[in-house]
Amino acid sequence: MDFWTSPGGQLAILAIGWVVIRLVKQVLRRHWPHNLLTWDLMTPLLIICSVILIGDGAGRILPWLVMGWMIIGVIVTLVQAIHNHELLYSTFIRTFWRLTDLYWTVGFVGCLIVSIS
């Protein structure tokens with residue numbers, strides 16, 4: 001059980017998750033939504049793996065990551081409301097979630113580096 005909570009175990013969980021999502025995408029080729037990327041489904045795994053690394057020292061930066069994530073949501077909301085003069089859920093969630101993908105990928109790498117050092 002210690003392997004799955006270690007940094008190497010978290011990388012293994014992410015690799016297994018990536019392979020499973022890609023296999024499901026191949027099986028459901030015609031029924032898979034064309035605008036749904038593999039990274040869109042990896043984000044919850046990245047968040048969970050970052051939380052699991054709290055015991056290894058990632059707890060120091062995780063609250064800051066969550067606050068940054070909230071700030072991204074506020075910024076996306078304000079930019080879309082000011083630029084488009086309206087806030088549509090479909091464009092908001094797509095933009096917010098794609099930024100979330102990038103943000104939590106970098107955040108997980110940061111948690112991994114902190115937990116290894």
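Sequential numbering from 1 along the given sequence is applied to the chain's residues. Owing to the predicted nature of the structure, the values given are computational and were not obtained by experimental measurement.
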Which residues share a ring-ring contact (aromatic ring centres under 6.0 Å, His included) with Phe92, sequence neighbours left out: Phe96
Matching residue for Ile75 among Ile72, Thr77, Ile71 - test: side chain to side chain contact (heavy atoms under 4.5 Å, CB included): Ile71
For Gln80 against Thr95, the heavy-atom pair lying closest together: NE2-OG1, 3.1 Å
Tyr103 vs Thr43 side-chain heavy atoms within contact, under 4.5 Å: no
Least distance between heavy atoms, Leu14 atom then Met42 atom: O-CE, 3.4 Å
With sequence neighbours excluded, residues passing salt bridge (Lys or Arg N to Asp or Glu O under 4.0 Å) with Arg98: Asp40
Side chain to side chain donor-acceptor pair (under 3.5 Å) involving Arg94 - partner list, sequence neighbours excluded: none
Value rounded to 0.5 Å, distance of SG in Cys111 from CG in Leu53: 6.5 Å
Test item: Val51 and Ile54 side chains (from C-beta on) under 4.5 Å apart, heavy atoms: yes
Side-chain donor-acceptor pair present, Trp18, Thr38, cut-off under 3.5 Å: no
Flag side-chain contact, heavy atom, 4.5 Å: Val24 against Trp32: yes
Nearest-0.5 Å distance that lies between atom CD1 in Ile93 and atom CG in Leu88: 13.0 Å
Same cluster (ILVMFWY, side-chain, under 4.5 Å), Leu36 and Leu23: no
Side chain to side chain contact (heavy atoms under 4.5 Å, CB included) between Leu112 and Leu11, intermediate numbers included: CA-CA 9 Å; Leu112 190 68; Leu11 291 174; 3.8 Å; yes
Interatomic spacing from CZ in Arg22 to CG in Leu41 - rounded to 0.5 Å: 11.0 Å
Intermediate values then yes/no, side chain to side chain contact (heavy atoms under 4.5 Å, CB included), Leu46 and Trp39: CA-CA 10 Å; Leu46 288 166; Trp39 279 110; 4.2 Å; yes
From CD (Gln26) to CD1 (Ile21), nearest 0.5 Å: 13.0 Å
Co-membership, hydrophobic cluster, residues Trp69 and Met67, 4.5 Å side-chain: yes
Ile16-Ile47 co-clustered via ILVMFWY side chain contacts under 4.5 Å: yes
Met70-Leu62 co-clustered via ILVMFWY side chain contacts under 4.5 Å: yes
ILVMFWY network linking Leu102 to Trp97, side-chain heavy atoms under 4.5 angstrom: no
Side chain to side chain, Ile52 and Ile48, heavy atoms closer than 4.5 Å: yes
Rounded distance (nearest 0.5 Å) linking atom CD1 of Ile113 with atom CZ of Phe108: 10.5 Å
Inter-residue atom distance Leu65.CG - Arg60.CZ, 0.5 Å rounding: 12.5 Å
